[in-house]
Peer 1: 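Before we start, here is the structure in question, set down as structure tokens.
Residue numbers start from 1 in every chain, and the chains themselves are labelled A, B, ... in the order their sequence lines are given, proteins ahead of strands. Predicted model only: the values in this text are computed from it and were never measured.
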Number of protein chains: 2
Amino acid sequence: MTELEKYIHGYFGVPTDDLAKIVTFFKPVSLKKGEYFLKAGQLSDRLGFVQSGIVREYVEANDKEVTKWISTKGYFVVDLASFVFHQPARWNFQAFTDAELYVIDQKNYQRIGQMVDRWHELEKLFIAKCFTVLEERVLTHLSMTAEERYQQLFAFNKELFNQVPLQYLASMLGMTPETLSRLRKKSF
Amino acid sequence: MTELEKYIHGYFGVPTDDLAKIVTFFKPVSLKKGEYFLKAGQLSDRLGFVQSGIVREYVEANDKEVTKWISTKGYFVVDLASFVFHQPARWNFQAFTDAELYVIDQKNYQRIGQMVDRWHELEKLFIAKCFTVLEERVLTHLSMTAEERYQQLFAFNKELFNQVPLQYLASMLGMTPETLSRLRKKSF
DNA sequence: GCGCGCTCTTGACAAAAATCAAGAAGTCAC
DNA sequence: GTGACTTCTTGATTTTTGTCAAGAGCGCGC
């Protein structure tokens, strides 16, 4: 099984023989550091899977860039509202480092639905899972301090703090770079 | 068309003849003020639709109750993770006022999938929509001050501020009741 | 090596929000 | 009406976080 197959199997639980068919639709795409997978305002007609490298998802809000998520290996990159509802994308996806993606376009993505039994149900389950993750994230903002949010992310993924400039992690955590810097100092 | 049919049609876009079949599965349930539709820890084996009244969705975190959402007419009440993945519920759903719900249980809900063409796809679209709403909510916490979040909610739904004790709205906005009180005073 | 970005840290200060405490106002049962 | 309860407001204060500014450290191209 390729890596992509493993992840798709893990996320969607499709039978092995369907897997092979699905992954043939994905084409490798390389991004150079700084390149965009998708810019806000465009139509997100492609779904990407991060094979290597780091992709930042951000939006401009009141003259500031707000980083919503940082995707590493194993994450999908897509503006869901745009991909599903064919609206202009709200998020920018920019490669932080050189990155390798596997990418599928709308048309081929829809073919999966015709090809794989129960695909829409599996999709539903996957998106429901994503929804519950976001619910938890909202909860962290309702119930935790900046310090607690930092501690949680650090416990969840130490690696990230070596790979990504801290200012972007600060944004993703909903605090300023200065605050993050001070919190890190406190926790030696 | 009943109200329930209208809402389901609006959310899912099912054909009219399927609608009638779907709504027959929903049974009216009355909740008295203070009663629970679902308690954290239980299995959420029912999906509810609010016909009238107000239902609060909250969780206990560090000795404090955190209100995640307040549902009025037209909202669904369900712990998605529990309903879909059969895990114990994380959220409590309590009636704030006397409330009328239409409720469907797991078993009948699954029958819809067998009965209505493309149902899983419509479900997917609905949940995707919910996901994007949550994305926006996360963004408000990453990019807006407490005051801006209050202003936004107030602009979106003034009514709520007459119907619900402010302390719970404060919690839902991620601030203390005192802070909300002061922000409201500022905006005369 | 040198200069240039970029990133991070630090300090001083300001602003925002939380905490603690008290009391006012409204609602409800009796 | 009275008392108990809940909710909301207000003030005083502390804590947390943001802002502004300066400088240190680092990597990279030339």
Side-chain angles (χ1 to χ4, degrees), chain A residues 32-35 53-54 56 58 60-67 70 94-98 138-154 158-188, chain B residues 32-35 53-54 56 58 60-67 70 94-98 138-154 158-188:
Chain A
K32 286 280 166 211
K33 176 175 177 170
E35 275 188 322
I54 302 180
R56 177 174 69 119
Y58 75 92
E60 311 234 351
N62 326 326
D63 305 344
K64 284 185 308 190
E65 284 187 359
V66 177
T67 297
I70 289 169
Q94 186 182 28
F96 240 143
T97 62
D98 289 359
V138 168
L139 185 61
T140 65
H141 285 280
L142 298 184
S143 65
M144 293 165 79
T145 62
E147 176 161 16
E148 289 167 329
R149 289 199 302 279
Y150 157 64
Q151 296 286 2
Q152 181 181 276
L153 180 62
F154 189 68
K158 281 193 184 38
E159 271 307 292
L160 217 49
F161 290 81
N162 298 322
Q163 300 171 322
V164 174
L166 296 175
Q167 55 183 302
Y168 301 102
L169 296 179
S171 174
M172 190 173 124
L173 285 166
M175 65 186 79
T176 60
E178 293 93 334
T179 297
L180 179 58
S181 176
R182 292 188 176 107
L183 292 177
R184 284 169 63 76
K185 193 182 174 187
K186 266 174 71 176
S187 334
F188 45 94
Chain B
K32 286 280 167 212
K33 176 174 176 169
E35 274 188 323
I54 302 178
R56 177 174 70 118
Y58 74 92
E60 311 233 351
N62 325 325
D63 305 345
K64 285 185 308 189
E65 284 186 359
V66 176
T67 297
I70 289 170
Q94 186 184 27
F96 240 143
T97 61
D98 289 358
V138 168
L139 186 61
T140 66
H141 286 279
L142 298 185
S143 65
M144 292 165 81
T145 63
E147 177 161 16
E148 290 167 327
R149 291 198 303 278
Y150 157 65
Q151 296 285 1
Q152 187 186 60
L153 181 62
F154 189 68
K158 282 193 183 37
E159 271 307 292
L160 216 51
F161 290 80
N162 298 321
Q163 299 170 323
V164 174
L166 297 175
Q167 56 183 303
Y168 301 102
L169 295 179
S171 174
M172 189 172 123
L173 286 165
M175 64 187 79
T176 61
E178 293 93 334
T179 295
L180 179 58
S181 176
R182 292 188 175 103
L183 292 177
R184 284 168 63 75
K185 192 182 174 189
K186 267 174 70 177
S187 332
F188 46 94

Peer 1: Look at A:K185 and C:dT9 and indicate whether a side-chain polar atom (N or O) is within less than 4.0 Å of OP1 or OP2.
Peer 2: no
Peer 1: Using whole Å, report how far CE of A:M144 lies from C1' of D:dT15.
Peer 2: 18 Å
Peer 1: Please confirm whether the shortest side-chain N or O distance from B:T179 to OP1 or OP2 of C:dA17 is below 4.0 Å.
Peer 2: no
Peer 1: Does any N or O in the side chain of B:T97 come within less than 3.5 Å of the main-chain N or O of B:I54, such that one atom is a donor and the other an acceptor?
Peer 2: yes
Peer 1: Closest to the A:Q167 side chain: D:dT7, C:dT7, C:dA18?
Peer 2: C:dT7
Peer 1: How many Å lie between OH on A:Y168 and C1' on C:dC8, as a whole number?
Peer 2: 12 Å
Peer 1: Tell me which of B:K64 and A:P165 sits closer to the 5' end of DNA chain C, going by the nucleotide each one is nearest to.
Peer 2: A:P165
Peer 1: How close or far is atom P of D:dT17 from atom CZ of A:R149, stated in whole angstroms?
Peer 2: 8 Å
Peer 1: Pair B:M172, B:V164 - check side-chain contact (heavy atoms from CB on, under 4.5 Å), show working.
Peer 2: CA-CA 11 Å; B:M172 189 172 123; B:V164 174; over 6 Å; no
Peer 1: Go nucleotide by nucleotide along DNA chain C from the 5' end; which of B:E147 and A:R182 gets its closest nucleotide reached first?
Peer 2: A:R182
Peer 1: Whole angstrom is fine here: how far is it from CG in A:L166 over to C1' in C:dT9?
Peer 2: 11 Å
Peer 1: Rounded to whole angstrom units, what separation is found between the CG atom of A:L173 and the P atom of D:dG18?
Peer 2: 11 Å
Peer 1: When the distance from CD of B:Q163 to P of C:dT27 is rounded to whole Å, what number comes out?
Peer 2: 16 Å
Peer 1: For B:L183 and C:dA18, give me the distance from atom CG to atom C1', rounded to whole Å.
Peer 2: 12 Å
Peer 1: Only counting residues at least two apart or in another chain, list the ones meeting ring pair (Phe, Tyr, Trp, His ring centres under 6.0 Å) with B:Y58.
Peer 2: none
Peer 1: Ignoring hydrogens and geometry, is there a side-chain-to-backbone donor-acceptor pair from B:S171 to B:T67 under 3.5 Å?
Peer 2: yes
Peer 1: Which atom names give the shortest non-hydrogen contact between B:L142 and A:L173, and what distance separates them?
Peer 2: CD2-C, 4.1 Å
Peer 1: Expressed in angstrom and rounded to an integer, what is the separation of A:M175 atom CE from C:dA16 atom P?
Peer 2: 19 Å
Peer 1: Categorize A:E178 for me: base, sugar-phosphate, or nothing, with a 4.0 angstrom heavy-atom threshold over every strand shown.
Peer 2: base
